Amino acid sequence: MTQVLDGVQRSTFPVKLFITAGIVFLIFFILPFLVGVFQTALISKLLLFGALAISLDLVWGFTGILSFAHGVFFTLGGYAMAYYLKLNLSSTNNNYGVELPDFMVWNGLEQLPWFIAPLKFFPVAVLAIVLVPAVFAYIIGWFIFRSKVSGVYITIITLAISSALTTLFISQQAYTGGTNGITDVAILTLLGIEITDINLYWVILIFTTLVLAGSLWLTRSNLGLILRSINENERRISYLGYDVASFKIFIWTLSAAIAGMAGGLFVPLNRFISPVYLAVAFGTQVVIWVAIGGRGTLFGPLIAALLLGQVQNYAERVTQDWQLIVGILLLVVVLFLPKGLMGLVPRINPNKLLMPSPNPSAGYVQARLFDWFTPLQGAFRTAQEWLIRGKRRH
Amino acid sequence: MGKSPVASGHVYYQGHEITNRSPHEVARLGIGRKFQNPNVYNELTVFENILLALKGTHGIFASITSKLTRAKKDKIAWVLERIGLLDKAFVKVSSLSHGQKQWVEIGMVIAQDPSIVLLDEPTAGMTSDETHLTGEIIKTMSQDHSVVVIEHDMDFVKQIAQRIIVLHQGEKLAEGSVAEVQNNSKVVEVYLGREKIDIAAA
């Protein structure tokens, strides 16, 4: 009898994923040679936003915790990197010819604050980029999830965190550069190589690929199953012996660490960081990427971040009100595609892949994520259905 | 024990005080529970529901590294066979009938391999055929586990019960076999003609 379950494997994960990933990676590898410097920088930025969206998908899409604070984690990592780059400006490049960053001079600081000084060293900066957002998230998470705050209240707390930190960073001008943030930072140099333009693109491409692959691996393990169960009914899973709070704190902290790393890579590209990225508006944008891309799909939020960035880029040339276009897109998705863009390609949803069964007698068709013709089939079928429906109406 | 705070008194289990302990701690001590309404994961397959419930480590790291071993598959197949849903292993639970969902949850409790099983009206909302099948599942289960069932369907109680405790307004009214309880004058007096009889059968 147990043979019925023999078909259960952890899916055909390695081979097909690696081929698919290889092809996509190759496209992104060739891309900078085909497009200009501007597009390379834009795609670099959007890949980072994609990684940020994936990090939110882990907590929102899988675990059901809607957070507007992911921009905050991103920006905390960003500030850590910005301090590092600012403190490593050679004195000649600095406006005032002194070691102290310009905004500190303006605000009458005589000496580098003790908590910022260690960021001059690269290993400390790298640690800070990961640990500052992670520890911050861990502390918030510990209080929120251990105290059994749930649902919409968590979301309200994340909104409050975002607003409070925005205000804090603006008010502490001497330490943070205020509204302007930290500008005119040095170019990131690693092992004597200047990490700009194309080099930065490679670093970011590898980073986002690792984030996507890592998240896929993580969510396809039993952990993914547990996270989705917490999302659906957290009480039931606690009766099975799982400590729900510790799982939530874990994924929340991990997600913040990923967001922080994305923020850390954003600063060498953007050349500045400011409280704009702490604000609720930016946090909302991350939520929109996940919503449009499709919750719990990992690929979706990444694709949505890339697409919406391009939409914004072209819309900005036509009209100042690009947000209107993004807003309309959001409405269309919410109304017609409740599962987001990934809902258009039903079989590509990695959720369904967790336990594929090749056993047709079980009445279940195997989800074939990495058969590249299925997305086309899916799109074709959707188009067909639309046409048929349209005809019936007339 | 986790769902509602304890108003007064203490609950002990195998020498451990479990009054007001959190649900996951109670579960790890070997108490499997099922409440009246089916509490299953509709978005997951039957297989995944049982997999989640399997006895074992419940840590974060373990959940990431755990592999779907032969032993686990066999265990899941064994559980599915008991609840009669082996052919539905890869069906999403949302597409099952109400009765089948109840069985999935009973399967989850079996998979937990608890030393004591608490079932609250496991046949609520079932057809009479389904109720009978559920009774057979519970009878098999009671060979390996101590099973406590709260039920007021007398036919069902007759089918499964070895020992019955009759409760009335929170107090123990009578205890014994089916025949003993049915002939108990106090039980007849209190419950005759009334709608609801709470019976704990062990």
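Residue numbering restarts at 1 for every chain, and letters A, B, ... go by the order of the sequence lines. Only a predicted model underlies this, so the values are computations on that prediction, with no experimental measurement involved.
Minimum heavy-atom separation, Arg28(B) to Asp243(A): NH2-N, 3.8 Å. Taking each heavy atom of Ala27(B) and Leu240(A) in turn, the nearest pair found is CB-C, 4.0 Å. Among all heavy-atom pairs drawn from Gly59(B) and Phe247(A), the shortest one is O-CZ, 3.7 Å.
More than 12 heavy-atom neighbours from other residues, nucleotides or ligands sit within 6.0 angstrom of NZ on Lys72(B). Within a 6.0 Å sphere centred on CZ of Phe207(A), heavy atoms belonging to other residues, nucleotides or ligands number more than 12.
Aromatic ring centres of Tyr242(A) and His58(B) lie closer together than 6.0 Å.
Of the possible polar contacts, none joining the Arg236(A) side chain to the Val40(B) backbone as a donor-acceptor pair under 3.5 Å is found. Between the side chain of Glu232(A) and the backbone N or O of Asn42(B) there is at least one donor-acceptor pair closer than 3.5 Å. Judged by distance alone, the side chain of Gln112(B) and the main-chain N or O of Tyr239(A) form a donor-acceptor pair under 3.5 Å.
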Trace of the side chain to side chain contact (heavy atoms under 4.5 Å, CB included) decision for Leu225(A) with Leu52(B) = CA-CA 8 Å; Leu225(A) 207 57; Leu52(B) 271 176; 4.1 Å; yes
task = Check the pair Leu223(A) / Phe61(B) against side chain to side chain contact (heavy atoms under 4.5 Å, CB included), numbers first and verdict last.
result = CA-CA 9 Å; Leu223(A) 179 76; Phe61(B) 189 70; over 6 Å; no
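Residue contact with chain A, scored on non-hydrogen atoms closer than 4.5 Å, involves the backbone and the side chain of Glu105(B) alike.
Considering only heavy atoms from C-beta on, Ile64(B) stays 4.5 Å or farther from Asn222(A) through its side chain. Within the 4.5 Å cutoff, no side-chain heavy atoms of Thr65(B) are placed close to those of Ser221(A).
Interface summary for chain A: among Leu29(B), Ile60(B), Asn49(B), Leu44(B), the most heavy-atom pairs under 4.5 angstrom belong to Ile60(B). The candidate from Val244(A), Ile237(A), Leu218(A), Ile226(A) with the greatest count of non-hydrogen atom pairs under 4.5 Å with chain B is Ile237(A).
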